[in-house]
Participant: 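Let me begin by handing over the structure; questions about it come next.
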Amino acid sequence: MATPTAVAAYLLLFVVAGFSFLFANLLLGKLCRPQAPNSEKLEVYECGEPTIGSSFVQFDLRFYVVALLFIIFDVEVAFFFPWATVFGKSTQLMDRNLVVVEQTRAMDDGRGASVGQVELTSAAVGLYRELGVNHPTAPEVQAPTKGAAPAAKGSETASPLRQADEKIRADASTLARLSMVDIGAFFAVLLVGFAYVWRRGDLDWVRAVSRERSVGVEPTESPEVIEQQPAVSA
């Protein structure tokens, strides 16, 4: 276990390395880059757009529209993480190389039949807990009745352990398919939203040009002039 002194030393080393890397690159750029300032290079540059207003407001309000659309649709990506968790854990439970049950035990149910009980492995318990199941248990399966003839070779009823294993993997397969349907519907809603804002022209940088195109008129003036003119309502 690291001592407080060692932790402080690591933090100090990290800070020194970060500042050294930053200043080394700044110094290298100052020494290597060409020094040829002119009036055009000294102009304020804001994403290729001419500055507007005072020094406190130097960019077009259209940036706000683009940022708003970005936030609305980009934040939705956060919903992919819980879906990925469910789908990933389900596919892991479906993996034949993963042992999900072990140690079969038989208990008499009082009616001449034994109920086969199995236990989940630690790996399977961890996957279930990551899926939100706090107290996972293996499914109960019916063992062959006492005195009954043994089941045929390869039959699933021959082993309660095999029955529990198949049931767990079947449930995981169902959950994986449901998660695919769920994320497909969610993604379709996002595509409809993108198509809607694109059809409205909200993704066009100069909306006045899109209005001219919607009525079949080619703009005869520059986009800056068109943007300043009021739109003619129908």
Side-chain angles (χ1 to χ4, degrees), residues 1-2 4 7 10-11 13-15 17-18 21-22 47 59-105 115-142 156-157 159-205 207 210:
M1 182 176 181
V7 173
Y10 282 127
L11 292 176
L13 178 62
F14 179 79
V15 172
F21 180 79
L22 174 63
C47 297
F59 57 91
D60 201 319
L61 293 179
R62 290 175 291 188
F63 283 105
Y64 286 112
V65 178
V66 176
L68 182 61
L69 292 174
F70 174 80
I71 291 174
I72 290 174
F73 292 101
D74 189 67
V75 171
E76 304 295 337
V77 178
F79 292 99
F80 281 76
F81 289 98
W83 165 82
T85 300
V86 173
F87 181 77
K89 303 308 174 184
S90 300
T91 53
Q92 289 182 26
L93 286 173
M94 294 166 53
D95 188 3
R96 293 291 178 180
N97 295 324
L98 177 68
V99 180
V100 294
V101 288
E102 62 182 357
Q103 193 175 351
T104 304
R105 294 180 300 177
V115 178
Q117 292 187 352
V118 295
E119 294 181 356
L120 295 174
T121 61
S122 58
V125 170
L127 291 175
Y128 273 112
R129 286 179 177 173
E130 291 178 0
L131 285 171
V133 182
N134 296 326
H135 304 286
T137 57
E140 293 186 357
V141 293
Q142 189 71 30
E156 293 184 358
T157 58
S159 171
L161 188 67
R162 175 68 180 277
Q163 295 180 52
D165 182 86
E166 293 297 332
K167 188 175 187 333
I168 290 175
R169 298 188 192 280
D171 292 342
S173 177
T174 302
L175 183 59
R177 288 196 297 267
L178 288 176
S179 64
M180 286 297 298
V181 173
D182 179 73
I183 198 60
F186 176 76
F187 194 67
V189 172
L190 285 183
L191 291 180
V192 171
F194 271 117
Y196 175 73
V197 297
W198 173 76
R199 184 66 180 83
R200 279 174 46 90
D202 293 334
L203 299 180
D204 293 334
W205 185 246
R207 296 195 63 183
S210 63

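From a predicted model like this one, the values you see are computed outputs, not experimental measurements. Residue numbers count from 1 along this sequence.
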Participant: Would you call R129 and H135 a side-chain contact if the rule is heavy atoms closer than 4.5 Å?
Facilitator: no

Participant: Does W83 have any ring pair (Phe, Tyr, Trp, His ring centres under 6.0 Å) partners at least two apart in sequence or in another chain, and if so, which?
Facilitator: F87

Participant: Any chance you could measure L93, atom CG, to L175, atom CG, to the nearest 0.5 Å?
Facilitator: 8.5 Å

Participant: Which distance, rounded to the nearest 0.5 Å, do you find between the CG of D165 and the CD of E102?
Facilitator: 12.0 Å

Participant: Quick check: do V101 and E119 have side-chain heavy atoms less than 4.5 Å from each other?
Facilitator: no

Participant: To check you understand the geometry: which heavy-atom pair defines the closest contact between P136 and V133, and what is its length?
Facilitator: CD-O, 3.6 Å

Participant: Any heavy-atom pair between the side chains of V86 and S90 that's under 4.5 Å?
Facilitator: yes

Participant: Tell me, do E166 and R162 make a side-chain contact under 4.5 Å, heavy atoms counted?
Facilitator: yes

Participant: State the OG1-CD distance between T85 and E130, to the nearest 0.5 angstrom.
Facilitator: 8.0 Å

Participant: Which distance, rounded to the nearest 0.5 Å, do you find between the CE of M94 and the OG1 of T174?
Facilitator: 9.0 Å

Participant: Identify which one of L127, I168, V125 satisfies the side chain to side chain contact (heavy atoms under 4.5 Å, CB included) criterion when paired with V100.
Facilitator: I168

Participant: Is there side-chain contact between Y128 and N134, with at least one heavy-atom pair below 4.5 Å?
Facilitator: no

Participant: Looking only at non-hydrogen atoms, find the nearest pair between E76 and L190 and report the distance.
Facilitator: CG-CD2, 3.7 Å

Participant: Is F186 atom CZ crowded by more than 12 heavy atoms from other residues, nucleotides or ligands, each under 6.0 Å away?
Facilitator: yes

Participant: Judged by modelled atom types alone, do R177 and S173 share a side-chain donor-acceptor pair under 3.5 Å?
Facilitator: yes

